[in-house]
Amino acid sequence: MRQINIIFGHQKQMSFKNKNVFYNFHLHLKNFVISCTNMDGINEKFLKPYDPKDVESRIYSKWEKGGFFKPEKNLAEQDNRPTFCITIAPPNITGNLHMGHALENTTSDILTRWHRMRGFETLWLPGTDHAGIATQNAVEKNLKKKGLTRHNLGKDKFLEEIWKWKDEYGNIILDQLKKIGCSLDWSRTRFTMDDDYQEAVKTAFLHYQEKGLIYQGERVINWCIKDQTALSDLEIEYTEEETSMWFIKYPLKGGGFIVVATTRPETMLGDTAVAVNPEDVRYKKLIGQEVVLPITERNISIIADDKVDKDFGTGAVKVTPAHSIIDSEIAERHNLTFLKIIDEFGKIIGVNNEFNGSKIKEVREKVLAKLTTAGLLVKEEKIAHNIGKCYRCGGIVEPILSKQWFIKMAPLAEKAISAIETKEVIYYPEKWGRVALDWLKNSRDWCISRQIWWGHKIPVPDSNDVFDTWFSSALWPFAALGWPKKTADFEKFYPTQTITSARDIIHIWISRMIFSGLEFTKQKPFNKVIIHATVLTKDGKRMSKSLGTGIDPLELIEKYGADALRFGLIYQAMGGQDIRFSEDHIAMGKKFCNKLWNISRFVLTKTGGKIRNNDIENLNISDNSQEKEILSKLEKCRENTEKSIERSDFGEAAHLLYDFVWKDFADKFIEYSKDNDSPETKETLAFCLANILKILHPFIPFITEEIWSLAQDDERMLIVEGWPKGKIKK
RNA sequence: GCGCGGUUAGCUCAGUUGGUAGAGCAACUCGUUUACACCGAGAAGGCCGGGGGUUCAAGUCCCUCACCGCGCACCA
């Protein structure tokens, strides 16, 4: 039997197999020297460079078939093990994997694998979010290509279309997570619109209602003109644009004027007061007087409210209670009339025939023209101004008076505040806890009703509304485990240990999970919140598919392998600092994998193809030796890696591992071993390699598992090997 | 307006409690018989954003300014 491998290019290497003995020839082209290494006993795969493509899918399906992602099969021989549970941040069913997901889920996978190896009964639960507005918009866009709208179809048919979409595209992102090596228990996959999840949402609402925390009211809310739905405060994104500020004279009834400044002159049609700061000496004597509102000629009064900033504009504010959240609060304090003059389509209503039915912009022009004619327009100034836009469609958001459902936030926020302040829930990095507190301490009541079709129906008669998608997401850690039923999983795994998330959903999701958990289960939903770095482009800009600045993690996997992507990403994510993503680091990850591959090949040629998997106590190593030193460094590396993971400093752990494996082990000890062929040295090489594979496994699971399988007779997979716990006698 | 980051080698970033500035990538010089050229050995590269202060000693602590980025609020 004979096999010849000739590898051209950099390798300049040729191998052949004869009588089950492998020889590895190095052909040096310059001087035609031929060398030979005895590769006796070593698996023939080591004759080739490491090829992730050949390995990754094969290894992943071996893990999956072995059932190792299921907590029941992690380490079957032990009973009463501590549990470790993470519920994934469920990606939207509209999405595709981006670099943020890759980093986030690599982080969770490192934690999951680490705990699994340390003997915890470990569950990382996967799932997806129905993502109300986002999904509805995506499906509508799809229909538009066929010339259809959701209104053509009608509600039932449209919802059918969305379910079809979900079946077709909803799991794409989960499949992509498999390519990264995520060890999620797929048998427990949840969706936020599952039947029993819908029950959980209903239960939550009824609970709030019984407690008197729910109310329906006509209040000023953020309304997306395009999506035709209410939004919560957190669903608005502001962009700075240049606009004008107009200074307008309002005639005083007793003669003279008060000048107000506004960026939205058309809303004066709905003014029901002018407000000034009570301490403002310029206006003190005017408080209580009446002005004749230009154009509509209504009499409105001048009131005092300390929310008015003396130094902004003229210090006198026109109050439009129905179309400004701040004005509505002033109006409530002063019992002012709410005059709704803008409807859900962004058109003027209820004023007079001249303006009714016209768009806001047109009315603005008309109002300004009238004011100019009347000599009431003092001046126009250019200012930078923040315009509120819908976070899903980017459309203009108008504050309008609308009948919606709300949850009282104060009593709920209080619970979350106390959990964060007492460190029952800990944030990594710590600063995000303070950010969460700031919001919780200042949040307004939560508008939970949405006028879209896709979502959980609000369980009251006559309501066509659905819940804010985040209302259901807020229940995720416990509803995904079966709550409100007392399922075995809920009993066993709740409260969970960790949640990993991006910083932009700290308030909209994380804070709401904390108070929901405390409210419904009387327990915090997780101990730790890990806020991972934001992955930016090399220029420090946001990665965005639409801007063309996104980098597809799957392309990087194709090019460098999943382990390289994982290691390179984690290596860059130091202390949660933003990452200016550089592909160089992924290339570094690949080189590191290659180095590990070659280290393994070397060690295995020295040890007859197998490595030891025993406790360090069994090694008989003399004092003050090179062996003693590398073993001590290995021990230190393991300890420090553990500390770094505990602190959620995964980047630091990656640096430690890199330095130990490459500099200490390869450059020093392996070089030393070439001149020292003692049994002691060989034993140490094998021992170090076995432990290196274990410690690296949570970070680069595929290659370590592959090497393990080639170097052990034991069929047992590395994924369920015990984490090394050997101690060196000093 | 309030708050939070960042500013260290050409690039991307480390730098623990103050004690002679580090890595990867790039560039430079050597090196191919014996794991790996996806490698090894070596050298080079820095007023640690500016200014002030504390200290025997400051990249590190304090003050201040500048620039970049982000969050919250305002957005009348």
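Salt-bridge formation is not detected for the pair A:K310/A:D280: no Lys NZ or Arg NE/NH1/NH2 atom is positioned less than 4.0 Å from an Asp or Glu carboxylate oxygen. Comment: A:K361 does not engage A:E266 in a salt bridge, judged by the lack of any side-chain N to carboxylate O separation of less than 4.0 angstrom. Between A:K53 and A:D51 there is no salt bridge, since none of the side-chain N atoms of the basic residue sits less than 4.0 Å from a carboxylate O of the acidic one. With respect to A:R503 and A:D578, a salt bridge is recorded, a charged nitrogen being found less than 4.0 Å from a carboxylate O. Taking the charged nitrogens against the carboxylate oxygens, A:D659 and A:K663 do have a contact shorter than 4.0 Å, which makes a salt bridge. Between A:E583 and A:K559, at least one side-chain N (NZ, or NE/NH1/NH2) sits under 4.0 Å from a carboxylate O, which counts as a salt bridge. Under the 4.0 Å criterion applied to side-chain N and carboxylate O atoms, A:R434 and A:E421 are not assigned as salt-bridge partners. Here A:K668 does not pair with A:E671 in a salt bridge; the nearest charged N to carboxylate O distance is not below 4.0 Å.
Atom CD1 in A:I505 sits about 13 Å away from atom P in B:C72, given to the nearest Å. The distance between atom OH of A:Y391 and atom P of B:C72, rounded to the nearest whole Å, is 13 Å. A:E329 places its CD atom 14 Å from the P atom of B:A76, with the value rounded to the nearest Å. Taking atom CG of residue A:L336 and atom P of nucleotide B:A76, one finds them 17 Å apart after rounding to whole Å. As rounded to whole Å, 14 Å separates atom P of B:C74 from atom CD1 of A:I387. Computed from coordinates, the A:K431 NZ to B:C2 P distance equals 20 Å when rounded to whole Å. If you measure from atom CD1 of A:I506 to atom P of B:G5, you get 13 Å, rounded to the nearest angstrom. A straight line from CH2 of A:W662 to P of B:G40 spans 5 Å, rounded to a whole angstrom.
Side-chain proximity of A:F602 to the nucleotides B:A35, B:C39, B:A23 is greatest for B:A35. Listed candidates were B:C72, B:G40, B:A35. Nearest to the side chain of A:H507 is B:C72.
Here, B:A27 and B:G59 have their P atoms 32 Å apart, quoted to the whole Å. Between B:U16 and B:C28, the distance separating the two C1' atoms is 33 Å to the nearest Å. B:C39 sits 10 Å from B:U32 when the C1' atoms are compared, rounded to a whole Å. Taking atom C1' in both B:A41 and B:G5, one finds a spacing of 40 Å when rounded to whole Å. The same atom, C1', is picked in B:U7 and in B:G19; the two are 24 Å apart, to the nearest Å. For the P atoms, the distance linking B:A57 with B:G52 amounts to 15 Å, nearest Å. Rounded to whole Å, the separation between the C1' atoms of B:C38 and B:U55 comes to 49 Å.
Looking only at atom types and distance, the side chain of A:S244 has a donor-acceptor partner in the side chain of A:E380 under 3.5 Å away. Side-chain contact check for A:D438 and A:N442: no donor-acceptor pair (N or O, by modelled atom type) lies under 3.5 Å.
Of the residues in residues 588-595 of chain A, those with a non-hydrogen atom less than 4.0 angstrom from any atom of RNA chain B are A:M588, A:K590, A:K591, A:N594, A:K595. Interface residues of residues 309-320 of chain A facing RNA chain B, ordered by number: A:D309, A:F312, A:V317, A:K318; criterion, heavy-atom separation under 4.0 Å. Scanning residues 262-273 of chain A for heavy-atom distances under 4.0 Å to RNA chain B yields A:T262, A:T263, A:R264.
Between A:Y50 and A:I326, the one whose closest nucleotide on RNA chain B sits nearer the 5' end is A:Y50. Each of A:A587 and A:I236 was assigned the nucleotide of RNA chain B with the nearest heavy atom; the assignment lying further toward the 5' end belongs to A:A587.
For A:K307, the side chain to side chain contact (heavy atoms under 4.5 Å, CB included) partners two or more places apart in sequence, or in a different chain, are A:D305, A:R333.
No donor-acceptor pair under 3.5 Å is formed between the side chain of A:R580 and the backbone N or O of A:T537. The closest donor-acceptor contact from the side chain of A:N386 to the backbone of A:Y238 lies at 3.5 Å or more, if one exists at all. Remark: the backbone N or O of A:F687 is paired with a side-chain donor or acceptor of A:N691 at under 3.5 angstrom.
Every stem involving RNA chain B, taken as at least 3 paired positions in a row under the Watson-Crick or G-U wobble test at 3.5 Å, is listed here: B:1-7 with B:66-72, B:10-13 with B:22-25, B:28-31 with B:39-42, B:49-53 with B:61-65.
Among the heavy atoms of the strands lying under 4.0 Å from A:K663 are primed sugar atoms or P, OP1, OP2 only; no base atom is included. Using a 4.0 Å heavy-atom criterion, one finds that A:W432 contacts no nucleic acid atom at all. At the heavy-atom level, A:R444 lies under 4.0 Å from the strands shown only through sugar-phosphate atoms.
Residue side chain A:K674 reaches the base of B:A35 through a donor-acceptor N/O pair under 3.5 Å, judged by distance alone.
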Begin with the C-alpha distance, continue with both residues' side-chain angles, and end with the deciding distance and a verdict on side-chain hydrogen bond (donor to acceptor under 3.5 Å, both in side chains) for A:D271 and A:T320.
CA-CA 4 Å; A:D271 284 1; A:T320 319; 2.7 Å; yes
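Annotation: cation-pi pair A:K379/A:F247 present, NZ/CZ under 6.0 Å from the ring centroid and within 45° of its normal.
For an aromatic pair to be called close, the ring centres must be under 6.0 Å apart, and A:Y427 with A:W432 fails this. A:Y250 and A:F257 have their aromatic ring centers separated by at least 6.0 angstrom.
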Using atom names, set out every protein N or O paired with an N or O of nucleotides 9-15 of chain B below 3.5 Å, distance rounded to 0.1 Å.
from  : atom 1 : to     : atom 2 : distance (Å)
B:C11 : O2'    : A:K538 : NZ     : 3.3
B:C13 : OP1    : A:R580 : N      : 3.1

